[in-house]
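Here the structure comes first, spelled out in structure tokens, and everything after it is commentary.
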Number of protein chains: 2
Amino acid sequence: MGVALLAVTASELPAQGATAGGTNLEATYAVIPRPSVLTPASGRFVITATTPVYTASEFRRVARRFVRDIGGAMGFDLPIADRRRGSGGITLRRVPGIPREGYRLDVTATGIVVQASDSAGAFYALETVKQLLPPAIYREAEVRGVAWSVPAVHIEDAPRFPWRGSHMDVGRHFQPKAFVKKYIDLLARHKLNRFHWHLTEDQGWRIDIRKYPRLTEVGSCRDNTLVGSHTDDPAKQVFDGRQHCGFYTQDDIREVVAYAAERMVTVVPEIEMPGHAQAAVYAYPFLASTTDSIPGLRRMWGVSPYIINPSDRSVSFMQDVLTEVMALFPSPWIHIGGDEAVKDQWKANPEIQARIRSLGLKDEHEMQSWFIRQMDTFLTKHGRRLIGWDEILEGGLAEGATVMSWRGMAGGIDAAKQGHDVVMAPGSHTYFDHYQSQNQASEPLAIGGFTNVEKVYGFEPVPEALTPAQAKHILGAQSQLWTEYIPTPRQLEYMAYPRLTALSEVVWSARSRRDYGNFMQRLPVHLQRLDALDVNYRRLDGAAIVP
Amino acid sequence: MGVALLAVTASELPAQGATAGGTNLEATYAVIPRPSVLTPASGRFVITATTPVYTASEFRRVARRFVRDIGGAMGFDLPIADRRRGSGGITLRRVPGIPREGYRLDVTATGIVVQASDSAGAFYALETVKQLLPPAIYREAEVRGVAWSVPAVHIEDAPRFPWRGSHMDVGRHFQPKAFVKKYIDLLARHKLNRFHWHLTEDQGWRIDIRKYPRLTEVGSCRDNTLVGSHTDDPAKQVFDGRQHCGFYTQDDIREVVAYAAERMVTVVPEIEMPGHAQAAVYAYPFLASTTDSIPGLRRMWGVSPYIINPSDRSVSFMQDVLTEVMALFPSPWIHIGGDEAVKDQWKANPEIQARIRSLGLKDEHEMQSWFIRQMDTFLTKHGRRLIGWDEILEGGLAEGATVMSWRGMAGGIDAAKQGHDVVMAPGSHTYFDHYQSQNQASEPLAIGGFTNVEKVYGFEPVPEALTPAQAKHILGAQSQLWTEYIPTPRQLEYMAYPRLTALSEVVWSARSRRDYGNFMQRLPVHLQRLDALDVNYRRLDGAAIVP
């Protein structure tokens, strides 16, 4: 963590920095009167990292990303060189000892110097440079008449948490690849580093699995979707009568993963089991826990009773799926869901009851725990770590598991006390499918709840119930976007921002440095950046959205 | 026009070119067995254009665009130099005498040489190079394990028409800026060069005009939208009860215009008058032709009776609007609409009747013609040309006007015979809001009609009724996408592609060279490109879409 809060507001900056306004900057900050100005003649991008050798190429990638990003608005590309010729320009320097993902940034009239011990730190330093430039830098085509001036500063900055995430459910409503990339790009601009991609659901399976083609052939298309709320009177429910389809090919997924990696974002895939699997069960009925015929994909919201049978064949099937998933996603963590697995069909099925007894298990919770352990062992054997929703605590937590605490903080506290890593994702503060206003009638239909920007900003991921040693297991936190009531990218952006901007400071800044009043002073300039990026954030006065 | 048809099919290419398949290539074509392979060591981009001086910087911009576009998938950027060092790489050479927008392309094992007389020709040559590369080149992040091999060819290519366009209505349903850019990028990849941006409508005004802020403050938000078809029984019509809002700031528009210019696309703005102006009339009631109060923005489809009063004050107002429009859009053409102006309110208004008489006009058609002439004179004085829908023929065509023929070809024939330029946009072949299948129930709700890919491909923009001299006035053709029934970008892509791919060959290739069977052979490879670009085109078997 940095040393002091960076409070970049218009009034605190010299005239040439008046358009700047950082978000999630935790830094020592000093304004020096002469800015650095980027021009076609301002010199080269100099990579001085020479040891270890790989760092030079990593830093070069970071420099290339930056050059490509800002080159659109500037209309010229800064050249990248490995050695300095002349003065000026931007220097990336590897300096051991700087915290992971942290950086030091010095901007003077003679140029910009970035020091970092890893490429993520160099990357975030350059994201800060973008924030110090006029918001027009975020536009994609040349903006004339703007001086690309960076106020002179010294900043020391590093994140509080290593897991700074955002989750997106593409099962209920498919979100197109181009939008997934845009979303990931926005995460990176907020110095978030985990994209939790919820790929499978009762209402749709969205990832091509070569060995089991019916998962997408059959499982990616539902024939009908509820209009209105699933809490409406069932007698009055209306369905839209339209197919809703979509999935990502393996080429698409490789592209998204590479795109994210270029932006220091790890894509954490989620394959839901044993519940939230009606699409899979429909595609491959041998996975079912019932002999009843399965009525297609779920077209209602809420929880499906169709869950995966914990048979050896199901275990093999899901491990086959995970094998392809591991080949596509280099993420150290693989999310297996584990939440809301209604056990009614397991209770009613004599074969499953017999299996529980023959395995010496006490009940259905232990049966689920056994099933999850098969995945944990499998993933561990392949050098990955299992992560699941906090229901995986029930019936006993698998050895290597990381817990995502969504039903409040209790599951996370329990897991941390058991020595397991935890990601905090409580519904109360991080479910961005909740309403942003208490006047629900003025908002697009949502699942319920009330979570505004102030509440998000006030979220504290480390519970007081933990000792300092236990608290080290809190990897960080993330937002959740379940898409039952979020059919389109525009609406998803409306639900995500600016709440996600607030959360990005929660997971980056030191607890003691967070100041909501200060954040709200800096937010308007940040919204100009989101305007330039065409993000359909919710206006502070709650303006309407388009589909 | 080129000399012979390029029929790039898998079977005609050598093994290393098996993934290539051009669209809208009109060319002399020769397969030479050794391809050129782009690698980080394959040398520089060499600009050898030195005369006239500006060409070098224009060609450098073209090279930069190409390097940025292909650098995503390749994971490296070809450097750009003004002089050759070593062999290989890509050379852009200015050669006078090559047709406008045309090019010669030579790919051999020692490199790629492009010859063109203008930057558009150089740009299109490099678009062809992309088509000769594997479709994975269209992905945005590094694709590993692909050899970036270009089959060795000699191609001579040039477009048949200078106006190769596509229209988008953002009035009925606002389309976000990011999508507008994506759409323009796709036009460029199809060698289309006009984006006709229909910015104002009865249902919404989408462009910020500084002098008249109420146009967007009031005119960009309607409070309700029809669900279902406007031809449904009025007694059963349902409205969605949701606001629909959106407009582009002037910064947004400048960005879109610059983005398009980098891709050789001219953005032609349309400001509708005197009809299709209910949003403007509601925002500034002095524009109205009636003293009745105006019931907000139109929330139904079909034609509004609220049209602009042809007063001096209205003329000044619309000219003020055009002044800001001209400052934003460098397009030589400014579109003033002119279609479907229902004259009932003019007939019923004694002041307007008196004005018709005092101006010595015969009727309301001549009144509209007078109004349009005020705009024509104004635009001409500022060095621009007026373009309008074919209703501007009624009551006498303004001197400098170009006619867009939408009610069939008759208006275009009439205008060309009068010596006016014409853009063909007939509903029969170029209205992509029409159904793509005769089984309408299997398609998303559309406005009507039936226009499939084959019909589009068979469209001939030059009517036989014209003499060769008159036919020179046919600038080209364009597609129309009216968005009454197209609320989202995904659905708009579904309506646009692959019909727009077919139209791109209609306006590029020589008439004698068009061959639908050959096109359909080449189309599947092209659809792989659209997959890589995440375009939600209609599958050839008519698969379902998502919102």
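As the structure is a prediction and not an experimental result, all values here were calculated from the model. Residue numbers begin at 1 in each chain, while the letters A, B, ... track the order of the sequences.
Surrounding CZ of Arg65(B) are more than 12 heavy atoms belonging to other residues, nucleotides or ligands, all under 6.0 Å away.
The side-chain contact (heavy atoms from CB on, under 4.5 Å) test applied to Asp531(B) returns Tyr537(B), Arg539(B), not counting sequence neighbours. Checked against salt bridge (Lys or Arg N to Asp or Glu O under 4.0 Å), Glu493(B) has the following partners two or more places apart in sequence or in another chain: Lys182(B).
Taking the charged nitrogens against the carboxylate oxygens, Asp252(A) and Arg139(B) do have a contact shorter than 4.0 Å, which makes a salt bridge.
Under the 3.5 Å distance criterion, the side-chain polar atoms of Lys177(A) are matched with a main-chain donor or acceptor of Ala532(B). A donor-acceptor contact shorter than 3.5 Å is absent between the side chain of Glu140(B) and the backbone of Glu255(A). Looking at Arg254(B), its side chain never comes within 3.5 Å of a backbone N or O of Val143(A) through a donor-acceptor pair.
Arg490(A) places none of its side-chain heavy atoms less than 4.5 Å from the side chain of Phe179(B).
Here OG1 of Thr488(B) is found 12.5 Å from CD of Gln491(A). Values are rounded to the nearest 0.5 Å. Rounded to the nearest 0.5 angstrom, Glu142(A) CD and Tyr259(B) OH are separated by 15.0 Å.
Taking Arg68(A), Arg144(A), Arg61(A) one by one and counting their heavy-atom pairs under 4.5 Å with chain B, the maximum is reached by Arg68(A).
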Take Lys181(B) and Asp534(A) through the test salt bridge (charged side-chain N to carboxylate O under 4.0 Å, His left out) and record every step on the way to the result.
CA-CA 11 Å; Lys181(B) 288 189 292 183; Asp534(A) 197 30; over 6 Å; no
